[in-house]
Amino acid sequence: MLDLKQIRQQFDQVQAALSRRGVYDLSELRDLDQQQRELEGQRSQLQARSNEIGKTVGQQMRNGADPNGPEIQALRDEGNQVKAELAELEPRERDIKAQIEALLLALPNLPSDTTPNGKDETENVEIRRWGDEYLPANSESLKPHWEVGEALGIFNFERATKIAQSRFVALMGLGAALERAIFTFMLDRHTAHGYTEVMPPYLVNTASLTGSGQLPKFSEESFRCDRDDLWLSPTAEVPVTNLHRDEILPAESLPLHYCSYTPCFRREAGSYGRDTRGLIRLHQFNKVEMYKFVHPDTSEAEHQALVQDAEAILQALKLPYRVIELCTGDLGFSAIKTYDLEVWMPSSNSYREISSCSNCGDFQARRANIRFKTTGQKGTQYVHTLNGSGLAVGRTMAAILENYQQPDGSVKVPEVLQPYLKREWL
RNA sequence: GGAGAGGUGGCAGAGUGGUCGAAUGCGUCCGACUUGAAAUCGGAUGUACCGAAAGGUACCGUGGGUUCGAAUCCCACCCUCUCCGCCA
């Protein structure tokens, strides 16, 4: 959520920054804000008078005044008068406040000054590449991962479709074991780097999805259990953000670093034709997420470190990848700045997203009301939140199957996974 | 699912409808005493909004209602706990 005070005080700057993302007009918000402030002033004056009347009546009664005497009757009448005026004013103010809230919740975050301008993903900026020496030489002859996997019998799409519907997979035998090896390896790495592991609820309520920014705008993207005000979490970012919702953290406790392995559930509405085969785009997939609550002064450095922690996984797996920075047109709703990691997928002869590392500034903190307090200092500040996949597990498996496949149809197990899987070949 | 109890400040825990934003204790912070520490003593200690400030307003699970006035009374909802049943 954007800062209403900032919109009021630096209207032109905020409007300009938002316009880098697309067409947004803040003028209605500005007008409503002004109206609300006027009404609030009037209301608070009436309330002050009402309190005064109440106190005076109380005092006079204690001094033995006749409850039905003329002085008290006059005060009562005025009290009723004030009440009537408030009854007229309050609903108007509440209505305007609700409108402001709704507008604010629908606005995306302001891009960072350093985020490149651009209209869509074609204008993202490549930052660096890694692992050219690991690029498979015989790219043309390599099979797509779903063929490799089906041949090895390590996953099955048809049966998963029978169980649920399309865009689900059942991992079988070594496939299940490989999946488990991958996320266990990732968690071990991250916890060794100081991230605290979290296993959160996978069902989350509406307030949680609103806090991290998926609602109200993107309700189409999540599965809902509507009898219970619960949704299937689309990413661990949601529960982990809300770990500290409505909390005031001591400044000394920052930064908080978490990592979390969870299944993720996405409806993938509007992507019907895309990635219909394989592990790339499923309604349910596993992901290890890294998440940080940090002091605003450190968030840029924390962001760089987060990207490196994600890269370290790909490097350990010796999977070639590149880092791109998203332009303003491709930036996610809550982010001010995002780096995507894209892993090399020989079968499609392209790099595919395997991690997205975002700095959300105070946007989620404001929505979820997550603040910190420095002892001795007055007031509170919003924390900054950062999240990054480290990594998407299914896509990691896909990348391994493609990049590590052998001419004979077998797949070499990446060295760092061998101790987990207890074998060298699939 | 059935029965009951309860939701108050960081925690514990009071609060006859009338200076209650809220006693008290613990905790925390500052200070004094002390070589240092403990103990003891003194003081401070919720959040947000409006205001240059003085000060004002709101918040005692949530939303309504009664009243000049509600933490306190009424209604609805949400949540938590205990016991029973079921269950991995």
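Computed from a prediction, not measured in an experiment: that's the story for all the values here.
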Roughly how many Å is it from [atom1] in [X] to [atom2] in [N], rounded to a whole number?
X	N	atom1	atom2	value
A:His244	B:G10	NE2	C1'	16 Å
A:Gln47	B:C59	CD	C1'	12 Å
A:Glu247	B:G9	CD	P	15 Å
A:Glu90	B:A58	CD	P	10 Å
A:Glu93	B:C50	CD	C1'	11 Å
A:Ile72	B:G18	CD1	C1'	11 Å
A:Asp228	B:C79	CG	C1'	14 Å
A:Arg371	B:G46	CZ	P	14 Å

Which whole number of Å gives the distance between the [atom1] atom of [N] and that of [M]?
N	M	atom1	answer
B:A70	B:G63	P	15 Å
B:G27	B:G9	C1'	13 Å
B:C59	B:G69	P	13 Å
B:U28	B:C11	P	15 Å
B:A58	B:C20	P	15 Å
B:C86	B:U80	P	23 Å
B:A37	B:U47	C1'	36 Å
B:C81	B:A76	P	23 Å

Mutual orientation of the aromatic rings belonging to A:His295 and A:Phe372 [parallel < 30°, tilted 30-60°, perpendicular > 60°]: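 A:His295 and A:Phe372: tilted rings.
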Pairing partner (Watson-Crick or G-U wobble, both distances under 3.5 angstrom) of [N]:
N	answer
B:G36	none
B:G31	B:C41
B:C59	B:G46
B:C87	none
B:G4	B:C81
B:A54	none
B:G69	none
B:C11	B:G25

Under 3.5 Å, is there a donor-acceptor pair linking the side chains of [X] and [Y]?
X	Y	answer
A:Gln36	A:Glu40	yes
A:Glu38	A:Gln42	no
A:Ser112	A:Thr114	yes
A:Ser347	A:Glu402	yes
A:Tyr258	A:Glu289	no

Close side-chain approach of A:Thr276 to A:Arg167, heavy-atom, < 4.5 Å: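 Contact flag for A:Thr276/A:Arg167 side chains = yes.
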Heavy-atom side-chain contact between A:Ile370 and A:Phe293 under 4.5 Å: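 Side chain of A:Ile370 against side chain of A:Phe293, heavy atoms only: contact under 4.5 Å found.
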Candidates A:Asp3, A:Thr328, A:Leu2, A:Ile336 - the one meeting side-chain contact (heavy atoms from CB on, under 4.5 Å) with A:Leu110: A:Leu2
Given B:G51, B:U47, B:U57, the nucleotide with the shortest approach to the side chain of A:Arg37: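 The answer is B:G51.
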Candidate nucleotides B:C49, B:A48, B:G56, ranked by approach to the side chain of A:Lys5 - the nearest: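 Given the options B:C49, B:A48, B:G56, the side chain of A:Lys5 is closest to B:C49.
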Below 4.0 Å: OP1/OP2 of B:U57 and any side-chain N or O of A:Asn51: yes
Presence of A:Ser44 side-chain N/O under 4.0 Å of B:C49 phosphate oxygens OP1/OP2: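 Checking B:C49 against A:Ser44, no side-chain N or O comes under 4.0 Å of OP1 or OP2.
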Would you mind classifying the nucleic acid contact of [X] as base, sugar-phosphate or nothing, using non-hydrogen atoms under 4.0 angstrom?
X	value
A:Arg8	sugar-phosphate
A:Thr56	nothing
A:Lys373	sugar-phosphate

Other residues, nucleotides, ligands: >12 heavy atoms within 6.0 Å of A:Asp113 CG: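 Counting neighbours around CG of A:Asp113, 12 or fewer heavy atoms of other residues, nucleotides or ligands fall under 6.0 Å, so no.
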Residue whose nearest RNA chain B nucleotide is more 5′ - A:Gln59 or A:Ile248: A:Gln59
Base versus backbone protein contacts along nucleotides 63-70 of chain B [heavy-atom cut-off under 4.0 Å; B, S, -]: -S--BBS-
